[in-house]
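Sequence lines set the chain letters: A, B, ... in the order given, protein chains first and strands last, and positions in each chain run from 1. The figures that follow rest on heavy atoms only: side chains count, while hydrogens, waters and symmetry mates do not.
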Amino acid sequence: MEISVVLADGTSRTVPSGCTASQLAEMISRRLSENSVAVKVNGALRDLATVLSDGDHLEIITRETEEGREVLRHSTAHVLAQAVTDLWPGAHYAIGPAIADGFYYDFELPKGEHFTDEDLEKIERRMREIVKEGQAFTRMEYSISDGIKLFADQPFKREIIETVAGQATEPPDEEELNEGVNEGALSVYRNSSGFTDLCRGPHVPTTRVLGSFKLMRVAGAYWRGNEKRPQLQRIYGTAWESDKALKEHLVRLEEAEKRDHRKLGLELDLFHFPPEIGGGLPVFHPKGALIRQLMEDYSKREHRKAGYQQVWTPHIAKSTLFEISGHLGWYKAGMYPPMEMEGATYYPKPMNCPMHILIYKSKGRSYKELPLRLFEFGTVYRFERSGVLHGLARVRGLTQDDSHIFCAPDQLPSELARLLKFVISILRAFGLSDFEAELSTRPEKSVGEDYEWEEATAALDHALKESGINYTVAHGEGAFYAPKIDVHLKDAIGRRWQVSTLQVDLQEPQRFDMEFVDSDNTRKRPYMIHRALFGSVERFFAILLEHYAGALPMWLAPVQVSILPVRDDHAAYASEVAESLQKFDARVEILPADEPLGGRIRKAKLDKIPYVLVVGDSDISSGTIGVNARGSQNPERDVPLAEFISRISPELVARPLDASLD
RNA sequence: GCCCGGGUAGCUCAGUCGGUAGAGCAGCUCACUCGUAAUGAGCAGGUCAGGGGUUCGAAUCCCCUCUCGGGCUCCA
């Protein structure tokens, strides 16, 4: 008997009945067979041991594809659990999925034991033994009741099974499906040594195909992500299709570490976090403050051009304000504690919106004033839990480039579209170009009328379509009072950061009883849009530093040109050159000749100065300079000063070309 | 907040078995005056995060606190 299957390239192939995917791969080529880790049968991932049926559409998954890596990682996680249960008999294992670049597995050790860093080496050694043994992964199906017996001494596995079996209340979620539980039957994998795990699979045929992995770290993780449940020990690892790919990944991690804004902040003398001030509260040194100022100045100018009016509001306000706004109701945990003064209670503001609303309400508003766009670099304070603080990316005192736009209901779609374009144009001006947006819709727990939500969500959707930006819809991920758009960007080494956020607020205009007089002389309620563009200046600062690895574009560099006289007697000429450049608003420093030139070059390079100029005898006589540009391997000699000035003057002016609106 | 790991000079780090603190860079002084990624010498710099305990003796062992990092949870 023979059957016919369809391969990924569309061709048909006749194979004997009973043929498995792995046998098919062997028939096609030895190379394919060696590189295959799983198979997609009619679109579903399966083990290579799967017996093929007539008419199946097949795609052999090889190890270097994303899906192939996922299988390798998942199988490696499985080996990790096996190693841990070998070394700690009685250890409970919970879940162990593949994740970006690797995998993890959560454990609970007997007698309250915890893993230490040294244990990772021990576990890794055991894993390598298992890999060497070439243990086969075999898939089996169990009934729910047999499964519960099988995992009698594995409480977490049992809980997963019981949940699905209806002995608990929750329906199966994605995680449980991943773990191999489905209505009525369990999918279980057993190694040849007897280790058994609940798992949907697929897995590689034997552990021998694994090996390019490394355990990275141990961390705490709550069972099912719930901080009320037991805290387990999570081991993270990375795994790849080859040692080469693994090594490349480790090099990428090193590269990312070099770009860490906390490290760069220290090296380039930009900011630090004095313990005397407190966690999450940075101070900016002169160079860091200058960069901030350049960012803010540019932003302010563009906001003015785009029809925003800048406002200023204080840092604290009486509790009354936050009672009206509702912050004390739903955001209290995120607020700094209150201060009592003259019988009133004051809070540091966690957001600027209530104060901007008061500016709106300071007088009667006409439809002729709308949209009213208020804008502020507003510093807010939020009580972030100590464990979440992370350099400038997550702080307790932050400055939002915050805007609140009040418009008539019929202006909402066009205003949002305009706003999103503006946001993108500013982000581009900072040299960022890889964006993705996320539209978050109404969550289950929320307030407001259905028609309001629909209208606001449709307006946001319209804006996204107008902007042409790629976006996904995150169903039910909106704030409880408003749908929103979040803009994410990818930096130079592919990391995603969330920056801008746009929200259509359905609550605050009501809470503050805001209104305007329309052209028909009736009072109407304005719509309100919250918008942070950088997100926070601190965070955006961090993103820029990491994106550029500290080598900021000319217009943001705190020092743009470093001038190095070769000898002391060239100092006067160096000053002349400096003055000429300063006439064009260049930020210049001179490194005097009290140490050898090579040493000074090195310092300037480590400071990532865009242009290092060397001036000596021949330059004085002919009015030239030596130019050593950042990133260039070939310093230039005898460049006429005027020529250099005209070369850099476009760079000295803030902003790249596509920064303006429309 | 929770789990794991750290905290030694401004920075990066060494410090063995518990015997009382060390290097490089940075800083300062002096000399050197040099054409493209580290000139040399000298000086100064420390309550070994803080507190408590064990000990004849603690950077080192134990406990507590603070703080930083990696995660979890959280994130308008």
Side-chain angles (χ1 to χ4, degrees), chain A residues 104 106-108 112 114-120 216-236 257 260 262-263 266-267 269 272-276 278-279 325-327 330-331 333-334 350-353 380 382-391 393-394 400 402 440 477-482 484 486 498 501-503 505 507-508 530-532 535-536 539 562 564-571 592-607 612-619 625-629 632-638:
Chain A
Y104 69 78
D106 288 348
F107 301 96
E108 183 181 58
H114 291 290
F115 295 119
T116 65
D117 284 0
E118 291 83 66
D119 290 336
L120 290 186
M216 303 300 284
R217 55 180 59 95
V218 51
Y222 298 105
W223 169 231
R224 298 203 152 177
N226 183 340
E227 61 182 318
K228 306 238 161 36
R229 308 292 307 267
Q231 186 164 44
L232 309 178
Q233 295 276 108
R234 174 170 298 177
I235 294 177
Y236 281 93
E257 215 170 292
D260 190 314
R262 294 164 299 184
K263 195 171 149 69
L266 208 59
E267 285 170 4
D269 193 17
H272 84 290
F273 291 85
E276 296 86 343
S325 71
H327 285 86
W330 50 264
Y331 197 71
M351 295 183 198
N352 300 300
C353 37
V380 299
R382 297 181 182 178
F383 178 69
E384 302 280 3
R385 297 209 274 178
S386 58
V388 309
L389 300 175
H390 180 86
R394 192 83 180 265
Q400 292 185 301
D402 205 1
S440 298
E477 292 294 310
F480 77 90
Y481 63 91
K484 61 173 181 172
D486 291 322
Q498 196 211 305
T501 175
L502 273 70
Q503 300 168 5
D505 194 324
Q507 288 304 305
E508 298 287 34
H530 300 247
R531 187 236 62 183
S536 88
R539 190 176 153 72
S562 210
L564 282 52
V566 174
R567 283 194 317 270
D568 271 349
D569 53 329
H570 304 134
D594 51 11
E595 69 174 306
L597 186 64
R600 287 178 287 153
I601 296 270
R602 181 166 186 273
K603 269 181 194 160
K605 292 288 183 187
L606 289 175
D607 272 349
V612 178
L613 306 186
V614 175
V615 294
D617 288 331
S618 66
D619 296 304
I625 52 176
V627 177
N628 188 332
S632 155
Q633 297 304 314
N634 308 307
E636 303 162 64
R637 287 287 299 271
D638 307 318

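G1(B) and A9(B) have their C1' atoms separated by 34 Å, with the value rounded to a whole Å. Rounded to the nearest Å, the gap between the C1' atom of U55(B) and that of G69(B) is 33 Å. Taking atom C1' on both A14(B) and U54(B), the two are 27 Å apart, rounded to the nearest angstrom. A distance of about 16 Å separates the P atoms of C48(B) and C61(B), rounded to the whole Å. Distance noted for atom C1' between G46(B) and G15(B): 14 Å (whole Å). Using atom P as the reference point in both C4(B) and C63(B), the two lie 12 Å apart (nearest Å). As rounded to the nearest Å, U65(B) and C3(B) have P atoms that lie 11 Å from one another. U33(B) and U39(B): their C1' atoms are spaced 11 Å apart (whole Å).
Distances from the side chain of A593(A) to the nucleotides G71(B), G35(B), U33(B) place U33(B) closest. Of the candidate nucleotides G35(B), U36(B), C11(B), C11(B) has the atom nearest to the side chain of L266(A). Relative to the side chain of P596(A), the nucleotides G71(B), U36(B), U39(B) differ in distance, and U39(B) lies closest. Looking at the side chain of S386(A), the nearest of the listed nucleotides G1(B), U36(B), U39(B) is G1(B). Among U73(B), G35(B), G71(B), the nucleotide with an atom closest to any side-chain atom of Q231(A) is G71(B). You'll find that the side chain of D568(A) is closest to U33(B), out of G69(B), U33(B), A37(B). Comparing U33(B), G69(B), G35(B) by their closest approach to the side chain of R262(A) singles out G69(B).
Between the side chain of Y222(A) and the base of G1(B) there is at least one donor-acceptor pair of N/O atoms closer than 3.5 Å. The base of C3(B) does not come close enough to the side chain of Q233(A) for any donor and acceptor atom to sit less than 3.5 Å apart. No N or O donor and acceptor, one from the side chain of R602(A) and one from the base of U36(B), sit under 3.5 Å apart.
Base engagement by G387(A) is indicated by at least one non-hydrogen atom pair under 4.0 Å involving a base atom. Here H272(A) lies out of heavy-atom contact (under 4.0 Å) with every strand. Residue contacts shown for G225(A) are limited to sugar-phosphate atoms, with no base heavy atom under 4.0 Å away. Within 4.0 Å of A221(A), counting heavy atoms only, lie sugar-phosphate atoms of the nucleic acid but no base atom. As judged by a 4.0 angstrom heavy-atom cut-off over every strand, G334(A) is placed among residues making no nucleic acid contact. The residue P635(A) sits close to a base: some heavy atom pair falls under 4.0 Å. Heavy atoms of G616(A) sit under 4.0 angstrom from at least one base atom.
Spacing between atom CG of D106(A) and atom P of C4(B) amounts to 15 Å, rounded to whole angstrom units. In this structure, D617(A) places its CG atom 8 Å from P of C34(B), rounding to the nearest Å. With rounding to whole Å, Q633(A) atom CD is found 10 Å from A37(B) atom P. Rounded to whole angstrom, the span from the CG atom of D594(A) across to the C1' atom of G27(B) amounts to 13 Å. Between the P atom of G35(B) and the CD atom of E595(A) lies a distance of 14 Å, rounded to the nearest Å. The CZ-C1' distance, from F115(A) to C72(B), rounds to 16 Å in whole Å. Rounded to an integer number of Å, the gap from CD of E267(A) to P of A37(B) is 20 Å. With rounding to whole Å, L389(A) atom CG is found 12 Å from C74(B) atom C1'.
Between H390(A) and G70(B), a side-chain N or O to OP1/OP2 separation shorter than 4.0 Å is present. Not one side-chain nitrogen or oxygen of R385(A) sits closer than 4.0 Å to the OP1 or OP2 atom of C74(B). OP1 or OP2 of C72(B) sits under 4.0 Å from a side-chain N or O of Y236(A).
Nucleotides of RNA chain B nearest to R382(A) and K605(A) differ in position, and the one nearer the 5' end is that of K605(A). Both D619(A) and R394(A) lie close to RNA chain B; mapped to their nearest nucleotides by heavy-atom distance, the more 5′-ward contact belongs to D619(A).
Residues R600(A) and S562(A) fail the side-chain proximity criterion, which asks for heavy atoms closer than 4.5 Å. Between D638(A) and D619(A), some side-chain heavy-atom pair lies under the 4.5 Å cut-off.
Nucleotide G45(B) forms a pair with no other nucleotide shown, judged by Watson-Crick or G-U wobble geometry with both contacts under 3.5 Å. Nucleotide U67(B) forms a Watson-Crick or G-U wobble pair with G6(B), both donor-acceptor distances falling under 3.5 Å. Across every strand in view, G22(B) sits in a pair with C13(B) that passes the Watson-Crick or G-U test at under 3.5 angstrom.
The distance from atom CG of D617(A) to atom CG of D569(A), rounded to the nearest 0.5 Å, is 6.5 Å. With values rounded to the nearest 0.5 angstrom, N628(A) atom CG is found 9.5 Å from L564(A) atom CG. Atom CD in E636(A) sits 10.0 Å away from atom CG in L613(A) (nearest 0.5 Å). With values rounded to the nearest 0.5 angstrom, L597(A) atom CG is found 14.0 Å from R602(A) atom CZ. Here the straight-line distance linking atom OG of S618(A) with atom CZ of R637(A) works out to 5.0 Å at 0.5 Å rounding. The distance from the NZ atom of K484(A) to the NE2 atom of H530(A) is 12.0 Å, given to the nearest 0.5 Å.
No side-chain donor from either of Y481(A) and E508(A) sits under 3.5 Å from a side-chain acceptor of the other.
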